[in-house]
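Here's the structure, in structure tokens; my notes come after.
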Protein chains: 2
Amino acid sequence: MRQQDAIIQTLKAKGLRVTPQRFAVYANLLDRCDHPTAEQVLSDLNQEAPTSSQSTVYTSLQALCEVGLVREVLLEEGVCRYDANVLPHHHFCCRCCGRIEDIAWEDLQGVSIDRVRSGLQVESYEVTLRGCCEQCQSANS
Amino acid sequence: MRQQDAIIQTLKAKGLRVTPQRFAVYANLLDRCDHPTAEQVLSDLNQEAPTSSQSTVYTSLQALCEVGLVREVLLEEGVCRYDANVLPHHHFCCRCCGRIEDIAWEDLQGVSIDRVRSGLQVESYEVTLRGCCEQCQSANS
DNA sequence: TCCTAAGTCAGAATTATTCTTAGTTGTGTC
DNA sequence: GACACAACTAAGAATAATTCTGACTTAGGA
């Protein structure tokens, strides 16, 4: 209950109308720690009962992105994934299974952008690690 | 001429057949320092005379990727860009115009992955800087 | 309660990419 | 050089992700 109210307040604070569909999309994203595609959110929401149409999920995700509650993550070809963790953080992407995991900002410190040529005004950065996750390591051995 | 021979040798060394179309795709990528989309390569090649079909450009790019002569760069929604610079390096992506620029590997040293949890086997990483390029800075002011 | 802008829907349209099938060509072998 | 065959290419159909369209609905302020 508390959680739901918090979501409603957050949406309102960003000037978004609170509709059942939009609520469901955002709640779903907050609830899961993977980085689902629009398609995955859609099917997840409609699993038990039809909740939202495809285009609604797309526009909801876009609206949430625009106000900064959600961000797009581009780590894989062709599809766009979404992440409700908008605090700065990095990503680990498994080469084998495609799984994506958040890496805490503090776990990768030491990136110094001093030497980047001065013409470029750097506002943010993020690191993408690639490699092999535990499951795939044991599966391959 | 030397350049052309070098390209031919490189392709052969990777076990790829040297065809006019594949040669043209790779030469085009090497020649430009931006990171074109498949679409851009296609229209560039066919600007003066029809050289390659759409699907040939796609399969050529894929073949070049597979042997490691070219890599995909995913910095922008929806489209896949290609980069003939396969030495490790980072990217700067302009928030305003979308321009992408290579950042030399040495210019961003000091990323230490020690603190990443040990279950993840990190094989490579790259940093994406986001911000505003010179042109856009002066355009906005 | 009423109004209206914002949101939603179903399905069509668009866009990037891949597949299919048939024809073409480079290359090792004779 | 001729042959065979696998790799390559073309044109267009197919697919998949996303966006658009136009009519309908609804949240939330007056």
Side-chain angles (χ1 to χ4, degrees), chain A residues 4-5 7-28 35-46 49-67 69-82 98, chain B residues 4-5 7-28 35-46 49-67 69-82 98:
Chain A
Q4 298 196 0
D5 292 345
I7 293 177
I8 292 172
Q9 290 315 312
T10 311
L11 290 173
K12 282 190 176 168
K14 291 290 184 178
L16 292 180
R17 266 201 205 162
V18 182
T19 63
Q21 293 82 351
R22 191 169 285 172
F23 177 91
V25 167
Y26 189 43
N28 182 265
H35 298 63
T37 61
E39 173 61 26
Q40 286 171 331
V41 174
L42 174 66
S43 65
D44 207 17
L45 291 181
N46 291 341
T51 308
S52 312
S53 79
Q54 188 191 37
S55 55
T56 302
V57 169
Y58 276 101
T59 51
S60 299
L61 286 170
Q62 213 161 289
L64 291 166
C65 274
E66 271 164 22
V67 301
L69 287 178
V70 156
R71 69 159 142 172
E72 290 177 341
V73 186
L74 300 165
L75 297 171
E76 199 188 356
E77 196 187 339
V79 281
C80 197
R81 296 177 170 276
Y82 294 88
Chain B
Q4 297 198 1
D5 291 347
I7 294 178
I8 291 172
Q9 289 316 310
T10 311
L11 290 173
K12 282 191 176 168
K14 292 291 184 176
L16 291 180
R17 257 200 212 162
V18 183
T19 63
Q21 292 82 353
R22 187 169 286 171
F23 177 91
V25 167
Y26 188 41
N28 183 265
H35 298 63
T37 62
E39 173 61 26
Q40 287 171 330
V41 174
L42 175 66
S43 65
D44 208 18
L45 291 181
N46 291 341
T51 308
S52 312
S53 80
Q54 190 191 36
S55 58
T56 301
V57 170
Y58 276 102
T59 51
S60 298
L61 286 170
Q62 211 161 289
L64 290 167
C65 275
E66 270 164 23
V67 300
L69 288 179
V70 156
R71 68 157 143 173
E72 290 177 342
V73 186
L74 300 165
L75 296 172
E76 201 187 354
E77 194 188 342
V79 281
C80 197
R81 298 179 168 275
Y82 294 89

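Taking the side chain of B:R17 as heavy atoms from C-beta on, and the options C:dA16, D:dT9, D:dA7, the nearest nucleotide is D:dA7. With C:dT18, C:dT8, C:dG11 as the choices, the nucleotide that has an atom nearest any side-chain atom of B:Q54 turns out to be C:dT18. Listed candidates were D:dT18, C:dT18, C:dC9. Nearest to the side chain of B:Q62 is C:dT18. Comparing D:dC20, C:dT17, D:dG12 by their closest approach to the side chain of B:S55 singles out D:dG12.
Across A:T51 and A:L45, no two heavy atoms sit closer than the pair OG1-O, 3.0 Å.
Residue whose closest nucleotide on DNA chain C sits further toward the 5' end, between B:L16 and B:V79: B:V79.
The interatomic distance linking B:Q21 (CD) with D:dT9 (P) rounds to 5 Å, in whole Å. As a whole-Å value, the separation of B:L42 CG from D:dG12 P is 14 Å. Rounded to whole angstrom, the span from the CZ atom of A:R81 across to the P atom of D:dT18 amounts to 10 Å. In this structure, B:E72 atom CD and C:dT17 atom C1' are separated by 11 Å, rounded to whole Å. Protein atom CG of B:L61 is 11 Å distant from nucleotide atom C1' of C:dT17, rounded to whole Å. Atoms OH (B:Y26) and C1' (D:dC8) sit 19 Å apart, rounded to a whole Å. Straight-line distance from the NZ atom of A:K14 to the C1' atom of C:dA6: 19 Å, rounded to whole Å. If you measure from atom OH of B:Y58 to atom C1' of C:dT17, you get 5 Å, rounded to the nearest angstrom.
Once rounded to the nearest 0.5 Å, the distance linking CZ of B:R71 with CG of B:L64 reads 14.5 Å.
In this model, no side-chain donor or acceptor of A:T19 finds a partner on the base of C:dA6 within 3.5 Å. Between the side chain of B:T37 and the base of C:dA16, no donor-acceptor pair of N or O atoms lies under 3.5 Å.
Using a 4.5 Å cut-off on side-chain heavy atoms (C-beta onward), B:Y82 and B:C65 make contact.
No side-chain donor from either of A:T59 and A:T56 sits under 3.5 Å from a side-chain acceptor of the other.
Heavy atoms of B:S52 sit under 4.0 angstrom from primed sugar atoms or phosphate atoms, though from no base atom.
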**Item:** Verdict with reasoning, A:L42 to A:V25, per side-chain contact (heavy atoms from CB on, under 4.5 Å)
**Value:** CA-CA 8 Å; A:L42 174 66; A:V25 167; over 6 Å; no
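Residue A:T56 places none of its side-chain N or O atoms closer than 4.0 Å to OP1 or OP2 of C:dT8.
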